[in-house]
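Here is the structure we will look at.
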Amino acid sequence: MTKTRVAFLGLGAIGTPMARNLAEKGFDLTVWTRTSRKASEFAAKHNVKFATTPAGAVNAADFVVTCLPSSVEVEAIANSADGILSGIRSGTMLIDCTSGDPDSSKRLAAQLKEKRCSFVDAPVSGGVVGAEAGKLTVMCGGDATDFERARPIIAGFGEKIVHCGPVGAGDAVKALNQMLLALHIWTTGEALAALVRYGVDPAKALEVINGSSGRSNSSMNLIPERVLTRAFPRTFRLALLDKDVRIAARIAKDQGIDSAIFAEVERLMASAHEELGEEADHVEAIKVLERLVGVEIKAT
Ligand code: NDP
């Protein structure tokens, strides 16, 4: 039986373990990433093929998976001279795992339709740890038949796979999830700063909160593992969270939800991103909060 041919574009922090899972699950994989050396090293390590252009990666593929920083880069590599649209064959499906912009996904889906190709937006959640384990949550937008066709590929790296609605719906759910993530990081940080000032050990405070109704992924995992320890590993760039909350705030506004809280989170993430730069991790936003309030949230 011939293997399903998958082109994977974008070997970043999360794309690399996703592509590795597809290679290990036996798909006929070709990888491309902007830095060619990374693609050739990945191909040698995992016994797959690599291409030096997006067009070269996709021209023999049944499915193309993209995982780039934002929809800006996805549209750029779709439309460049040696890009996806110049190389893609009729019948191929593009599965975009970028945390993208719904309007951009709709534009790209329309361009692909002209070439008799299909599109599913399929952003992921679960972080690098979830990607390593092949257990990501994947939220999808597209026609029901396209979603069912994409499912076996997505199952190569996903565990919970949900069809959220038409093209753009996966991006919309992801963006609003990210708004909640940013909100939880910041407000849990503020709550802990207040409790530290009050004289409570933040580890004790989290022990209580995590057995109570104020808990979240931020209180249960991110802050104990990364802030209290001062480890701050770099797994998901703050720049990307800033991009996500901007998309989320715009979606909410377009739907008539004029949220003062969303607007404030958008402002906070933009200013933390500006202060900490392009490579800072998203949880490092807490360092900005600590500077503003003059309290360090660390285990005593
Ligand atoms: P990274 O910043 O680590 O990597 C992004 C990839 O995009 C790299 O392979 C890089 O190529 C490539 N790239 C960057 N700029 C360009 C460009 N101008 N043109 C073409 N390619 C470019 O991002 P992540 O892997 O962390 O994230 C990818 C997507 O997944 C984002 O949308 C993010 O929001 C989302 N996401 C990330 C999570 C995480 O934990 N990291 C969790 C959930 C979702 P190269 O390295 O070859 O130069």
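Order of listing sets the numbers, starting from 1, for every ligand and every atom in it.
- Of the polar atoms of Ser70, none of the N or O atoms is found under 3.5 Å from an N or O of ligand 1, judged by distance alone.
- In summary, the atoms of ligand 1 found under 4.0 Å from a heavy atom of Arg237, numbered by their order in the structure, are 2 (O).
- Here the side chain of Thr16 pairs a donor or acceptor atom with the backbone of Leu11 at under 3.5 angstrom.
- For atom 4 (O) of ligand 1, the nearest protein heavy atom (residue, atom name, distance) is Gly12 CA, 3.3 Å.
- Looking at Ser70 and Glu73, their side chains do bring a donor and an acceptor atom within 3.5 Å of each other.
- Taking the six-membered ring where tryptophan is involved, the planes of Phe236 and His282 are perpendicular, since the angle between them exceeds 60° and thus also 30°.
- Checking only distances, Pro69 does come within under 3.5 Å of ligand 1, N or O to N or O.
- Side-chain atoms of Asp121 come within 3.5 Å of backbone atoms of Gly168 as a donor-acceptor pair (strictly under, hydrogens ignored).
- The protein atom (non-hydrogen) at minimum distance from atom 29 (C) of ligand 1 is Leu68 O, 3.3 Å.
- Applying the 4.0 Å criterion to heavy atoms of Cys67 picks out, from ligand 1, the atoms 28 (C), 29 (C), 30 (O).
- Atom 30 (O) of ligand 1 has its closest protein heavy atom at Ile14 CG2, 3.5 Å.
- Contact annotation: for Thr235 versus ligand 1, heavy atoms closer than 4.0 Å belong to the backbone alone.
- In terms of polar-atom proximity, defined here as any N/O pair under 3.5 Å, Thr98 makes no such contact with ligand 1.
- Taking distance alone, with nitrogen or oxygen atoms compared against 3.5 Å, Leu11 approaches ligand 1 more closely than that limit.
- Ion pairing between a basic and an acidic side chain is recognised when a charged N comes within 4.0 Å of a carboxylate O; Lys287 and Glu275 show no such pairing.
- Using a 4.0 Å cut-off between charged side-chain N and carboxylate O, Lys38 and Glu41 make no salt bridge.
- Each of the atoms 43 (C), 44 (C) of ligand 1 lies under 4.0 Å from some heavy atom of Lys174.
- Residue-ligand proximity, Gly10 to ligand 1, at heavy-atom distances under 4.0 Å covers atoms 9 (O).
- Annotation: atom 33 (C) of ligand 1 to nearest protein heavy atom, Leu240 CD1, 3.7 Å.
- Checked by atom type, the side-chain pair Thr98/Asp96 shows a donor-acceptor distance below 3.5 Å.
- For the residue pair Gln178 / Lys174, a side-chain donor-acceptor distance below 3.5 Å is found, with atom types taken as modelled.
- Neither the backbone nor the side chain of Met18 comes within 4.0 Å of ligand 1, counting heavy atoms alone.
- Note on Arg107 versus Asp103: no salt bridge recorded, every NZ/NE/NH1/NH2 to OD/OE distance being 4.0 Å or above.
- Of the protein's heavy atoms, Glu73 CG, 3.6 Å lies nearest to atom 17 (C) of ligand 1.
- Between Lys49 and Asp28 there is a salt bridge, since at least one side-chain N of the basic residue sits less than 4.0 Å from a carboxylate O of the acidic one.
- Heavy atoms of Gln178 come nearer than 4.0 angstrom to ligand 1 in no pair at all.
- Counted by atom type alone, Arg226 and Thr235 present one or more donor-acceptor pairs between their side chains at under 3.5 Å.
- With no hydrogens or angles considered, a side-chain donor-acceptor pair links Thr300 and Asp201 at under 3.5 Å.
- Atoms of ligand 1 lying under 4.0 Å from at least one heavy atom of Val128, given by number and element, are 40 (O).
- The Thr35 neighbourhood of ligand 1 comprises atoms 45 (P), 47 (O), 48 (O), with distances under 4.0 Å to a heavy atom of that residue.
- Among all protein heavy atoms, the one lying closest to atom 47 (O) of ligand 1 is Thr33 OG1, 2.6 Å.
- Checking each of Leu195, Thr188, Val227, Leu206 against Ile297 for a side chain to side chain contact (heavy atoms under 4.5 Å, CB included) leaves exactly one that passes, namely Val227.
- Looking only at protein heavy atoms, the nearest one to atom 44 (C) of ligand 1 is Val124 O, 3.6 Å.
- In terms of polar-atom proximity, Trp32 is not counted as a contact of ligand 1, lacking any N or O under 3.5 Å from an N or O of the ligand.
- Atom CD1 of residue Ile95 and atom CZ of residue Arg149 lie 8.5 Å apart, to the nearest 0.5 angstrom.
- From the protein, the heavy atom lying nearest to atom 3 (O) of ligand 1 is Ala13 N, 2.9 Å.
- Across Arg34, Lys38, Glu278, heavy-atom proximity to atom 46 (O) of ligand 1 is greatest for Lys38.
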